[in-house]
Amino acid sequence: QVQLVESGGGLVQAGGSLRLSCAASGRTFNNYAMAWFRQAPGKERERVAAISLSGYGRWYADPVKGRFTISRDNTKSTVYLQMNSLKPEDTAVYYCAAGSNYLASTYNYWGQGTQVTVSS
């Protein structure tokens, strides 16, 4: 089992920045690929960014390319999502997830989520 706890969400104006963190505990963090997903009201959950075990492989959804950066610190068992140039359409609950393959869409462990609200 891997336990994931997100933090760093909040209310920000359009054009602003937020940095989300996800702290992992339980099994060895660097055995897992990590990802960030989001779900807006009335919409399906979507994967926005993912990172490989080593951190060298990264994937981004088209809507966030060039604005979001995923990173990980295996010494701290933490994955981050730096979000810049935020838009109202980025408003959602953001979840971190752990899995075996950063290019896969299926992940095994999930955090409880953190709310991000971007005002126009």
Side-chain angles (χ1 to χ4, degrees):
Q1 286 281 357
V2 175
Q3 291 78 44
L4 303 172
V5 179
E6 302 96 336
S7 61
L11 174 64
V12 64
Q13 289 188 332
S17 297
L18 280 176
R19 187 195 196 202
L20 305 183
S21 299
C22 173
S25 60
R27 292 188 176 179
T28 306
F29 178 72
N30 58 5
N31 285 345
Y32 293 93
M34 300 296 297
W36 286 95
F37 288 74
R38 68 185 180 187
Q39 187 166 21
K43 295 188 177 181
E44 293 187 355
R45 184 175 61 193
E46 63 174 345
R47 186 165 56 122
V48 296
I51 190 166
S52 65
L53 278 65
S54 66
Y56 288 107
R58 304 184 190 192
W59 175 91
Y60 297 96
D62 287 343
V64 308
K65 281 181 181 176
R67 299 189 298 121
F68 290 12
T69 302
I70 189 171
S71 61
R72 66 189 295 163
D73 185 338
N74 287 346
T75 66
K76 296 182 178 179
S77 298
T78 301
V79 62
Y80 304 98
L81 186 68
Q82 178 67 43
M83 305 186 294
N84 298 329
S85 302
L86 283 161
K87 305 175 181 180
E89 51 264 44
D90 294 317
T91 295
V93 178
Y94 283 71
Y95 300 89
C96 73
S100 59
N101 184 343
Y102 82 106
L103 293 177
S105 58
T106 302
Y107 284 73
N108 305 105
Y109 303 102
W110 295 84
Q112 83 289 349
T114 185
Q115 176 71 47
V116 171
T117 303
V118 184
S119 64
S120 57

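- Not one N or O on the side chain of Arg72 forms a donor-acceptor pair closer than 3.5 Å with the backbone of Gly55.
- Trp110 places none of its side-chain heavy atoms less than 4.5 Å from the side chain of Leu4.
- Between Leu81 and Thr69, every side-chain heavy-atom pair lies at or beyond the 4.5 Å cut-off.
- The OH atom of Tyr60 lies 6.5 Å from the CD1 atom of Ile70; values are rounded to the nearest 0.5 Å.
- Arg19 forms a cation-pi arrangement with Tyr80, by the criterion of a distance under 6.0 Å to the ring centre and an angle within 45° of the ring axis.
- In this structure, the side chains of Tyr95 and Val93 come closer than 4.5 Å at one or more pairs of heavy atoms.
- A pairwise comparison of heavy atoms in Gln3 and Gln1 identifies NE2-CB, 3.5 Å as the closest pair.
- Between Arg58 and Ser52, every side-chain heavy-atom pair lies at or beyond the 4.5 Å cut-off.
- We find that Lys87 and Asp90 are not joined by a salt bridge, their nearest charged nitrogen and carboxylate oxygen being 4.0 Å or further apart.
- Contact check for Arg38 versus Pro63: side-chain heavy atoms found under the 4.5 Å cut-off.
- No side-chain heavy atom of Phe68 sits under 4.5 Å from any side-chain heavy atom of Asn84.
- A pairwise comparison of heavy atoms in Gln115 and Ala92 identifies NE2-O, 3.4 Å as the closest pair.
- Nearest heavy atom pair, residue Ser85 against residue Arg67, reads O-NH1, 3.0 Å.
- Within the 4.5 Å cutoff, the side chain of Val116 has no heavy atoms near those of the Thr91 side chain.
- The two atoms that bring Ser21 and Thr78 nearest to each other are CB-CG2, 4.3 Å, heavy atoms only.
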Is there a side-chain contact (heavy atoms from CB on, under 4.5 Å) between Trp36 and Val79? Walk through the geometry before answering. CA-CA 9 Å; Trp36 286 95; Val79 62; 3.9 Å; yes
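- In this pair, Phe37 and Tyr107 present their aromatic rings perpendicular. The plane angle is above 60°, beyond the 30 to 60° band.
- Between Leu11 and Ser119 the shortest heavy-atom distance is CD1-CB, 4.3 Å.
- The side-chain heavy atoms of Val64 and Met83, taken from C-beta on, include no pair separated by under 4.5 Å.
- In the hydrophobic cluster analysis, where Ile, Leu, Val, Met, Phe, Trp and Tyr join through side-chain heavy atoms closer than 4.5 angstrom, Phe29 is grouped apart from Leu53.
- Under a cutoff of 6.0 Å and an axis angle of 45°, Arg47 and Tyr102 do not form a cation-pi pair.
- Expressed to the nearest 0.5 Å, how far SG of Cys96 lies from CD of Gln112 amounts to 8.0 Å.
- Summarising the geometry of Ser120 relative to Pro88, their closest heavy-atom pair is CB-CG, 3.8 Å, with the distance given to 0.1 Å.
- Distance alone, capped at 3.5 Å, places no donor-acceptor pair between the Thr28 side chain and the Asn30 backbone.
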With side chain to side chain donor-acceptor pair (under 3.5 Å) as the criterion, how do Asp73 and Thr75 come out once you've worked through the C-alpha distance, each side chain's angles and the decisive distance to 0.1 Å? CA-CA 5 Å; Asp73 185 338; Thr75 66; 2.4 Å; yes
